[in-house]
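Structure, as structure tokens:
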Number of protein chains: 2
Amino acid sequence: MVQAPSRRDRLRAATTQEIIQTARRLLVTEGPEAASLRAIAREMGMTAPALYRYFGSHEDLLRHVVGDIFTDLAGYVDAAIHAAADAAPPGTDPDEVWAVKLIAAARAFRAWTLAHVPEFSLIFGSPLPGLEALHEVAVDPTIDCGYKFGRLFLDLFSELYRCRPFPIPADDQIDPSLRDQLARYRNLIGSKLPLGALQTFLRCWVLLYGTVSLEVFGHLQFALDDPAPMFELMLSDLAPLVGLESPARSR
Amino acid sequence: MVQAPSRRDRLRAATTQEIIQTARRLLVTEGPEAASLRAIAREMGMTAPALYRYFGSHEDLLRHVVGDIFTDLAGYVDAAIHAAADAAPPGTDPDEVWAVKLIAAARAFRAWTLAHVPEFSLIFGSPLPGLEALHEVAVDPTIDCGYKFGRLFLDLFSELYRCRPFPIPADDQIDPSLRDQLARYRNLIGSKLPLGALQTFLRCWVLLYGTVSLEVFGHLQFALDDPAPMFELMLSDLAPLVGLESPARSR
DNA sequence: CGCTTGAGTGAACGCTGTAAAGCTTCAAAA
DNA sequence: TTTTGAAGCTTTACAGCGTTCACTCAAGCG
């Protein structure tokens with residue numbers, strides 16, 4: 001009973017994407033509160049209720065914007081990963097390329113964030129609107145753009161551990177409660193990493209997220225005008241966690 | 001030319017505080033968007049325009065709420081610090097008490113946050129409203145409740161370093177740009193700490209903020225249901241930074 | 001007594017998200 | 001070829017928002 005999408009469907013799908021793009025553009029250029037249904041519709045030469053043909057509510061639309069942003073971010077990080085691999089000198093130890101990629105991914109995450117502060121606030125900020133705007137998109141496996149984004153780092157991390165295992169805590173060294181949760185998480189993502197490696201992965205994510213969000217939300221401004229060096233410092237904290245001695249070479 | 005506040009002024013001051021409390025209560029119990037001027041006024045048996053006698057705008061009111069929350073948080077952490085000192089066994093090395101206090105302060109920060117998620121979102125979340133709602137309060141030295149909060153940790157940190165110096169990077173080991181900023185910051189707060197200690201202080205803050213906000217904003221839920229062990233893990237990362245071997249004793 | 005001042009009100013403006021009803025257009029069925 | 005039905009959209013309406021303005025009322029003071 002599957003039938004090819006009619007011309008109408010294709011048109012409509014195109015419009016859906018247009019609405020999302022318009023909403024995102026307004027959100028970025030005019031601020032979050034300017035991305036009202038009416039403003040978006042106005043921008044598209046429509047009226048606000050028309051948008052209810054495409055989205056169930058204003059929040060639903062924003063959810064799709066979040067998904068769009070997530071795939072955008074993932075694409076950027078992914079591109080940076082490949083660029084880093086291509087830029088590696090020919091003689092480089094192939095195992096070390098994974099480490100280079102991981103550092104590049106972290107830097108790309110920060111770079112994208114700094115260039116897309118409003119977007120970052122929407123997808124990684126406090127879930128002010130209704131607590132679930134981000135959450136559902138990030139977790140729901142059907143619209144799981146956030147999941148794909150995390151996967152990007154996890155795969156890199158896995159390959160790095162596979163090729164060049166770094167010291168991780170043994171299972172019985174992990175807090176029992178944490179161990180159980182890590183086992184469940186590993187099962188969920190179908191990974192074969194040791195639990196200790198997953199713990200280290202999450203520690204890295206805490207460091208990365210904390211540093212970047214602290215910087216972009218301005219909660220470091222009480223001390224620093226330019227938190228960039230703090231990010232590099234964080235990288236040099238992160239490096240030994242994954243068995244790297246020199247944090248990174250180029251900046 | 002300083003004259004005692006008239007009875008009217010005192011009454012008005014009392015009402016100002018009442019408005020802030022009402023706003024905060026609505027914010028916490030009904031969510032951020034329920035804390036509208038009209039709702040606040042309604043709750044107080046007034047009309048919305050009346051509030052303009054006390055605050056310049058809705059955002060201005062929220063700024064005062066932020067200040068109120070900050071002093072609340074600071075008070076909680078401060079109490080926890082004193083409680084930790086009192087609870088220390090009589091024979092404890094007096095120098096080590098500073099370490100115990102610092103760990104207690106970090107735990108208190110997390111505990112308060114978990115018990116006050118909406119408040120935390122308001123003061124430490126993404127500055128959605130207008131980018132400056134928090135910023136001004138946290139930085140402006142006249143309403144500097146956020147400053148006092150940071151001072152709490154800094155003083156503890158300073159004493160710990162004074163009594164039991166831990167290894168810190170030498171000045172010439174610090175990134176030059178960061179070094180300049182740290183020097184400016186040290187000058188701003190009138191501290192005598194070495195720049196390397198200030199750098200370590202900020203690294204601790206990054207760790208603490210990152211862990212707690214990641215937990216409370218749900219950005220760790222993709223992997224963990226209960227991020228509490230991650231916090232303890234963070235504490236054990238933080239401990240060696242300040243020269244502690246065992247992360248902490250009691251939970 | 002009259003004047004000033006401050007607190008508070010009600011009405012209004014333009015904005016918001018959302019619901020209901022009606023209109024137009026067009027593909028597919030009769 | 002005509003009819004039907006639904007998609008896409010508009011118009012209208014409602015309740016609520018922040019904010020402004022003109023106004024009243026009571027208290028304080030010379």
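Hydrogens, waters and symmetry mates are skipped; everything else that's a heavy atom, side chains included, is used. Residue numbering restarts at 1 for every chain, and letters A, B, ... go by the order of the sequence lines. Note that the structure is predicted; figures quoted are calculated from it, not measured.
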Worksheet item: Nearest-Å distance, CD (B:Glu43) to P (D:dC17)?
Response: 12 Å
Practice prompt. Starting from C1' on C:dC15, measure out to NE2 on A:His58 and report it in whole angstrom.
Written response: 13 Å
Worksheet item: Going by modelled atom types, is there a donor-acceptor pair between the base of C:dG8 and the side chain of B:Arg53 at under 3.5 Å?
Response: yes
Practice prompt. Nearest whole angstrom, please: distance from the P of C:dG8 to the CD1 of B:Ile40.
Written response: 15 Å
Item to complete: Could you please name the option among D:dT19, D:dG8, D:dC17 that lies closest to any side-chain atom of B:Ser36?
Response: D:dC17
Practice prompt. Could you check whether the rings of A:Phe217 and A:His219 sit parallel, tilted or perpendicular, using 30° and 60° as the cut-offs?
Written response: perpendicular
Worksheet item: B:Phe124 vs B:Phe70 aromatic rings, parallel, tilted or perpendicular, using cut-offs 30° and 60°?
Response: perpendicular
Worksheet item: Which one, D:dG18, D:dT12, C:dA11, comes nearest to the side chain of A:Pro49?
Response: D:dT12
Worksheet item: Can you check the B:Met46 CE to C:dG8 P distance for me, whole Å?
Response: 4 Å
Discussion item. Would you say that B:Phe201 contacts B:Leu193 through its side chain, given a criterion of any heavy-atom pair below 4.5 Å between the two side chains?
Written reply: no
Worksheet item: Reckon A:Arg42 has a side-chain N or O less than 4.0 Å from the OP1 or OP2 of C:dT16?
Response: yes
Discussion item. By nearest atom, which of the nucleotides D:dC17, D:dT19, C:dT16 is closest to the A:Arg38 side chain?
Written reply: C:dT16
Discussion item. Looking only at the aromatic ring of each residue, does the gap between the centers of A:Phe231 and A:Phe109 stay below 6.0 angstrom?
Written reply: no
Practice prompt. Check the distance between C:dG17's C1' and A:Phe55's CZ and give it to me in whole angstrom.
Written response: 16 Å
Fill in: Atom-to-atom span, CG of B:Asp60 to C1' of D:dT19 - whole angstrom
14 Å
Worksheet item: Counting any heavy atom closer than 4.0 Å, what does A:Thr47 reach on the DNA or RNA strands: base, sugar-phosphate only, or nothing?
Response: base
Fill in: Nearest-Å distance for atom pair CG/P, residues B:Leu37 and D:dT19
6 Å
Practice prompt. Give the rounded distance in Å between these two atoms: CD of B:Glu59 and P of D:dT19.
Written response: 8 Å
Discussion item. Please check: side-chain N/O of B:Gln181 versus main-chain N/O of A:Asp225, any donor-acceptor pairing under 3.5 Å?
Written reply: yes
Discussion item. At less than 4.0 Å, is any side-chain N or O atom of B:Tyr52 found next to OP1 or OP2 of D:dT19? Yes or no.
Written reply: yes
